[in-house]
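Step one of this worksheet: look at the structure below.
As a basis for the values below, the full set of heavy atoms in this structure was taken, side chains included, without hydrogen atoms, waters or symmetry mates. Within every chain, numbering begins at 1; the chains are lettered A, B, ... in the order of the sequence lines, protein sequences first and strands thereafter.
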Amino acid sequence: MLNYLQGLNEMQQKAVLHKDGPLMIIAGAGSGKTKVLTTRITHLMAAHNVDAFNILALTFTNKAAAEMKERIAHILGNTEARNLYIGTFHSVFARILRTEAPKIGYPNNFTIYDTEDAKSVIKTVINELNLDDKQYKPNTVYSRISAAKNALVGPADYANDYHLQQEDAKANRPMLGQIFVAYANRCFKNGAMDFDDLLIKMYELLKNYPDALSKYQRKFKYILIDEYQDTNPAQYEIIKLLGAMHENVCVVGDDAQSIYSFRGATIENILQFKKDYDDVAIVKLEQNYRSTKNILHIANQVIGNNKGQIEKVLFTDNAEGEKIKLVRTLTDNEEGKMVADTIQEQRLRYHLANKDFAILYRTNAQSRSFEEALRRMGIPYRIYGGISFYQRKEIKDLLAYLRFIVNTNDDEALKRIINYPARGIGKTSMEKVALYANEKNIHMWEVLCNAAMFGFKSGALESIDNFVITIKMFQSELTKQNAYDLAVLVGKHSNIVKELFNDKTTEGLARYENVQELLNSIKEFIETPLNEEDGEVGDKGLGTYLQQISLLTDADADSDENADTVKLMTIHAAKGLEFTMVFVAGLEETLFPNAMSINTREELEEERRLFYVAITRAKAKLVLSYANARYRFGQLQQNDSSRFLEEIPEEYIERSYAGQAARNNGNNWQQGTAFERMNRGFGNNNFSASNSSEKKKPSYLTPPPRPAIKEHVPSNNFEASNTALLQAGQRVEHQKFGFGQIVTMEGASHNPIATIHFEQNGEKKIMLNYAKLRIVE
DNA sequence: GATTATATGGTTTTT
DNA sequence: CCATATAATC
């Protein structure tokens, strides 16, 4: 027994074995904190007989939660782990609120608004208050409100706060408090909570309802919190309340990796934790098991430039490893190509798999150049983040129907679906509906149900009545059918599916497939066995499903975790992950550090922590890159290299220069230097001859010149054909290159390449896996 | 009221 | 460059 303790170092064991009382673990990057957390939970259960039902663990993503559960189940060798309460703050609280909502005046089936929904409500409210949405930009208003909530400042507090009033008056938005109040009221009326409300309402529940507080205090005898440096004051206060009875609160964090202050997170929580509890045990995990000495060393150097930090020194027994590569390119496109070429080369030379590589960047918009380059080379990849599945329009549309059926108070969902697909209830009618609803202080749905009474006539009235009948029909099926069958019915009867099916454009086709995928996901939800639960509302109903998916992260939606693909993501999304070889791209002033975050020392230090997080994702190999110019707002913009690069000691770096200029001249430096003269800011970057070695230059030094193509307008019946059986001699149509004839077929069967002679554009090699070709004959 | 053309304006990061 | 908002037209 207790053999799960083997393989833990002294400090890790100390953290695991600490039984009762507050515990703070300061865990450096790659120091095995997940291992410590899982082992600690296992130990509580196995050695101290703590019931799984009495343990609450809060993680940063649902995926991390699922993995933790799985690992614990594996070590324990039984099914007890499924009774653990593990999840993100948001999902755990949503689950609790689903049971307790009526106490605070919400329906059990409350809707969860994502950012887009919330902004839309804010916009409506601004219009209703007769304010100008140019002066009050929904984006700004939303972030102000969100910031207030995360600091536990409610609408009334906000509107009455003298300082906030002054601040808003100065910033030319004196009515912000009123908007906040109206927004909060509207959400409440709609039976909806936004992301921040999940914390706020949980706090209010515990604060104002002693019976609820004591219920959950008794239940959660042991509380563990991962990524503690990224918690905000609202979360802090909730935990303080929940943990007050037993004080068995264990937090794990690393101040050096705090990167979510824009979401209200504050490192203060770490300092405050020590003050709030009398006798906090503190354990520091300082041995890094992930990275080479070189990588860890420059990480330490970089973070050393930040001022306030909790003292700790990361060390490792790992090998020294390679030097850090620093590559400069002329443009973002060449940066993409350099990365793709390097991946290809490294993969072959060291027998690495695609999934050993990650490309990290500061902003989602940067993914494009990497996508293009990887696709061109036939390297499979997967992008995390950006527009997630559940944010696609077609998905949100169908979900809005389901949301509305479950909660007809949700005016936001109603507005989305009432005229989609078009059924003749347009803007004018809806303005009237909104007007009547506000006058009588009832829901828009009630107005619709009594449309005749409110004076709607002929055409409009008929359309509205039909809509009401349809929705009522769906509602009556709500109790008779399961979520999947109902969703299928809604898709059919609302004509959404038909509408998408009839759209034969490529985008339409993709949308249709997305909807099918959504239906599949609902089916899967229904078919997965119930999580054992003690008398909670947690059931297989549509309401549960809707609440669950609104809290999914993009990382959670990852179906094939082990797929052999190169991973592309923002640094934020990479937190907690590790890869054999990491590319950190776009190390340029105004991009990283980002122009939005260089105005205060605090902001800049957070950018630096972000850089630190990026570096410490790498196990063996690290490549940093930057481009002299990149497309932004559709225009080529020049940038200096990032100030962070100057913080890395020269002897750890191997510089090189990839791109077209190098090729044209046959000599890397002359063109490079000429270019440098045109761009100030390169003075200190001494591109010494460090890469003048005789080694064969990688192929990224020779991008083929691309002749301008003659754009082709696809035929109206253009539709991608199945090209599996394509043969030489056949005539095809390509979306861009126009009509042509297959000259030869080559390449492996899983990645066939066709050489095609196009009438307008000459001979081109086309990868069939990616190109859209219509077979003409 | 719906469909299409033009204008605008916005990019940091995410539950 | 992109997506969404408004205007113009049927």
Side-chain angles (χ1 to χ4, degrees), chain A residues 58-65 87-94 112-120 123 133-134 137-140 142-143 146 149-150 193-200 227 230-232 234-235 258-265 332 360-369 384-388 390-393 419-431 459-460 463 507 547-556 569-575 586 590-599 603 606-607 609-611 613-614 630-637:
Chain A
L58 297 165
T59 59
F60 203 71
T61 63
N62 293 297
K63 190 177 141 210
T88 63
F89 277 90
H90 293 267
S91 63
V92 165
F93 295 166
I112 297 174
Y113 282 162
D114 66 16
T115 311
E116 194 192 324
D117 302 323
K119 282 179 187 163
S120 163
K123 221 175 148 185
D133 63 3
K134 289 246 157 55
K137 294 204 176 96
N139 266 325
T140 319
Y142 177 77
S143 48
S146 176
K149 285 181 175 178
N150 286 321
M193 297 191 199
D194 65 19
F195 288 139
D196 304 316
D197 285 332
L198 293 172
L199 307 179
I200 300 299
E227 307 286 6
D230 288 321
T231 54
N232 60 40
Q235 292 166 324
S258 165
I259 54 174
Y260 278 95
S261 72
F262 68 92
R263 221 164 78 185
D332 47 355
L360 309 182
Y361 35 76
R362 177 68 237 267
T363 65
N364 282 306
Q366 285 167 259
S367 68
R368 204 211 74 242
S369 61
Y384 291 74
I387 1 92
S388 93
Y390 293 99
Q391 277 167 304
R392 290 166 194 275
K393 187 188 168 300
N419 206 27
Y420 177 79
R423 52 170 72 85
I425 309 176
K427 213 171 130 194
T428 347
S429 303
M430 280 313 280
E431 270 167 10
S463 307
E507 299 85 36
Q547 287 183 357
Q548 205 171 308
I549 57 164
S550 52
L551 295 172
L552 282 184
T553 321
D554 194 65
D556 303 322
M569 63 186 93
T570 63
I571 300 165
H572 282 90
K575 193 171 78 154
T590 75
L591 187 59
F592 193 15
N594 195 276
M596 312 293 287
S597 311
I598 47 173
N599 300 316
E603 285 174 347
E606 176 145 325
E607 292 286 301
R609 289 194 294 270
L610 200 52
F611 187 39
V613 168
R630 70 173 61 237
Y631 279 93
R632 268 176 125 182
F633 310 111
Q635 276 188 324
L636 207 57
Q637 197 186 68

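- Comparing B/dT15, B/dT11, B/dT14 by their nearest atom to the side chain of A/T88 picks out B/dT15.
- Residue ring and base: A/F89 does not count as stacked with B/dT15 (centre distance below 5.5 Å and interplanar angle below 30° not both satisfied).
- Protein atom OH of A/Y361 is 16 Å distant from nucleotide atom P of B/dT12, rounded to whole Å.
- Within 4.0 Å (heavy atoms only), A/K575 reaches no atom of the nucleic acid at all.
- For the side chain to side chain donor-acceptor pair (under 3.5 Å) test, residues two or more places apart in sequence or in another chain that qualify with A/D117 are A/K396, A/R403.
- The interatomic distance linking A/K427 (NZ) with B/dT3 (C1') rounds to 15 Å, in whole Å.
- For A/R362, the side-chain atoms get nearest to B/dT13 when compared with the rest of B/dT15, B/dT13, B/dT11.
- Sparse packing is recorded around OH of A/Y631, with 12 or fewer heavy atoms of other residues, nucleotides or ligands lying under 6.0 Å away.
- Atom-to-atom, CE of A/M430 to C1' of B/dA2 comes out at 17 Å; the value is rounded to the nearest Å.
- Checked against B/dT13, B/dT15, B/dT12, the side chain of A/R263 finds its nearest nucleotide in B/dT15.
- Between the P atom of B/dT11 and the CZ atom of A/R632 lies a distance of 12 Å, rounded to the nearest Å.
- Side-chain proximity of A/T570 to B/dA2, B/dT14, B/dT15: nearest is B/dT14.
- A close approach under 4.0 Å does not occur between any side-chain nitrogen or oxygen of A/N150 and OP1 or OP2 of B/dT15.
- Relative to the side chain of A/Y260, the nucleotides B/dT12, B/dT15, B/dT14 differ in distance, and B/dT14 lies closest.
- Closest heavy-atom contact between A/K149 and A/I200: O-CD1, 2.9 Å.
- Here B/dT13 presents its P atom at 19 Å from CD of A/E227, a figure rounded to the nearest Å.
- For A/E607 against A/R362, the heavy-atom pair with the smallest separation is OE2-NH1, 2.6 Å.
- Taking 4.0 angstrom as the limit, A/N364 places a side-chain polar atom (N or O) nearer than this to OP1 or OP2 of B/dT13.
- Put simply, CG on A/L360 is 20 Å from P on B/dT12, counting in whole angstrom units.
- Minimum atom distance to the side chain of A/F633 is reached by B/dG10, of the listed B/dT12, B/dG10, B/dT14.
- Distance from the side chain of A/T428 is smallest for B/dG1 among the nucleotides B/dT13, B/dT11, B/dG1.
- Considering only the side chain of A/E607, B/dT12 comes nearest among B/dT11, B/dT12, B/dT15.
- The pair A/E116-A/K119 fails the salt-bridge criterion, with no side-chain N (NZ, NE, NH1 or NH2) lying under 4.0 Å from an Asp/Glu carboxylate O.
- Between B/dT14 and A/T115, no contact under 4.0 Å exists linking OP1 or OP2 to a side-chain N or O.
- Comparing A/F195 and A/N594 along DNA chain B, the residue whose closest nucleotide (by nearest heavy atom) sits nearer the 5' end is A/N594.
- Atom NE2 of A/H572 and atom C1' of B/dT13 are 4 Å apart (whole Å).
- When DNA chain C is scanned in the 5' to 3' direction for atoms under 4.0 Å from non-hydrogen atoms of chain A, the outermost contacting nucleotides are C/dC1 to C/dA5.
- Looking at which nucleotide of DNA chain B each of A/G426 and A/H90 is closest to, the 5′-most match is held by A/G426.
- When heavy atoms are screened at a 4.0 angstrom cut-off, A/K123 is found touching the sugar-phosphate backbone but no base atom.
- If you check B/dT12, B/dA2, B/dG10 against the side chain of A/A422, the one that comes closest is B/dA2.
- Rounded to whole angstrom, the span from the CZ atom of A/F592 across to the P atom of B/dT12 amounts to 15 Å.
- Nucleotides B/dT13 and C/dT4 place their C1' atoms 22 Å apart, quoted to the nearest Å.
- Counting only heavy atoms from C-beta on, A/N139 has its side chain closest to B/dT11 among B/dT11, B/dG1, B/dT15.
- When every heavy atom of A/K575 is checked against every heavy atom of A/I259, the shortest pair comes out as CD-CD1, 3.9 Å.
- Scanning both residues, A/Y384 and A/N364, for their nearest heavy atoms gives O-OD1, 4.2 Å.
- At least one side-chain heavy atom of A/L199 sits less than 4.5 Å from a side-chain heavy atom of A/H90.
- Among the heavy atoms of the strands lying under 4.0 Å from A/N419 are primed sugar atoms or P, OP1, OP2 only; no base atom is included.
- Contact between A/L551 and A/S91 at its shortest, heavy atoms only, is CD1-CA, 3.5 Å.
- C/dT6 sits 16 Å from B/dT11 when the P atoms are compared, rounded to a whole Å.
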